[in-house]
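Quick note: numbers below take in every heavy atom, side chains included, and nothing from hydrogens, waters or symmetry partners. Keep in mind that what you see is a predicted model, and the values were worked out from it rather than measured. Proteins come first, then strands; the chains are lettered A, B, ... in the order of their sequence lines, and each starts at number 1.
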Amino acid sequence: SAVISQKPSRDICQRGTSLTIQCQVDSQVTMMFWYRQQPGQSLTLIATANQGSEATYESGFVIDKFPISRPNLTFSTLTVSNMSPEDSSIYLCSVRRPTGRTGRYTFGSGTRLTVV
Amino acid sequence: EDKVVQSPLSLVVHEGDTVTLNCSYEVTNFRSLLWYKQEKKAPTFLFMLTSSGIEKKSGRLSSILDKKELFSILNITATQTGDSAIYLCAVEEEYGNKLVFGAGTILRVKS
């Protein structure tokens, strides 16, 4: 399965600032995803990062708040903008590798964000 | 809207016990069901299930899918303290190429 390097591992940020999270994959993948896991909650998909085009956002998430870049097939960034304490969460990137009709999803090591 | 429901939400057992975790789902076009273990931040893959009635096994863990009744179970036998984690169930839809997660089951194994 794919090896994903995600950084930073954790950060404590002041409200009103922005943080950019990076994910680097060890090989080319078509599909990359960004998830949020709020304290005590499960994983919620923020968006699908598309190479060469704008990301596809899920309901409740907007580009102005969570801009995403995908400059090539091995790298993506998620920015959490104008942060508030409600943005304190674990952020995870994920990739999908097709295995026949199905897909194997692998996750990065996660970024634990605390907004104060 | 696609939905994945896990039960119980949390569970405390003693080492050596056997546990069964449940996952039921409602999706428009089912493709696969996946189980993950989350200990710190990153979920790690356990099983992927696509066909009913075929048990997947890995050591003390096993899982099975029932596509007629729309549920899956994850069994852990002879539990160890290292099994303490959040166990996540997720479903991939046929045309969505993305995962919908359940809320997870928090398992704590006491020595």
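- The candidate with the highest count of non-hydrogen atom pairs below 4.5 Å against chain A, out of B:T50, B:I106, B:L88, B:L99, is B:L99.
- Each ring pair (Phe, Tyr, Trp, His ring centres under 6.0 Å) pair with one or both residues in residues 35-66 of chain A, not counting sequence neighbours, appears once here: A:Y35-A:F107, A:Y35-B:F101, A:F61-A:F66.
- Within a 6.0 Å radius of CD in B:E15, other residues, nucleotides and ligands contribute more than 12 heavy atoms.
- Dense packing is recorded around CZ of B:R60, with more than 12 heavy atoms of other residues, nucleotides or ligands lying under 6.0 Å away.
- Under the 3.5 Å distance criterion, the side-chain polar atoms of B:K41 are matched with a main-chain donor or acceptor of A:S9.
- Applying the under-4.5 Å side-chain rule to Ile, Leu, Val, Met, Phe, Trp and Tyr, the cluster around B:L74 extends to B:V4, B:L11, B:V13, B:V19, B:L21, B:Y25, B:V27, B:F30, B:L33, B:W35, B:L46, B:F47, B:L49, B:L61, B:L65, B:L70, B:I76, B:Y87, B:V91, B:V100, B:L107, B:V109.
- Transitive grouping of hydrophobic side chains (ILVMFWY, heavy atoms separated by less than 4.5 Å) keeps A:V29 and B:M48 in distinct clusters.
- In this structure, A:W34 is a member of the same hydrophobic cluster as A:V115, with clusters built from ILVMFWY side-chain heavy atoms closer than 4.5 Å.
- Of all residues in residues 78-96 of chain A, those placing a non-hydrogen atom less than 4.5 angstrom from a non-hydrogen atom of chain B are A:I90, A:L92, A:R96.
- Residue A:S109 comes nearest to B:A42 through the heavy atom pair CA-CB, 3.8 Å, listed as atom of the first residue, atom of the second, then distance.
- Listed in order of number, the residues of residues 37-44 of chain A that approach chain B to under 4.5 Å between heavy atoms are A:Q37, A:S42, A:L43.
- Criterion: ILVMFWY side-chain heavy atoms under 4.5 Å apart, direct or through other members. Under it, A:F75 and A:I4 are not part of a common hydrophobic cluster.
- When hydrophobic clusters are built by joining Ile, Leu, Val, Met, Phe, Trp and Tyr residues whose side-chain heavy atoms come closer than 4.5 Å, directly or via intermediates, A:I68 is grouped together with A:I21.
- Residue contact with chain A, scored on non-hydrogen atoms closer than 4.5 Å, is absent for B:Q6.
- In this structure, the side chain of A:Y105 does not engage the main chain of B:F45 through any donor-acceptor pair within 3.5 Å.
- In this structure, no portion of A:Q6 lies under 4.5 Å from any heavy atom of chain B.
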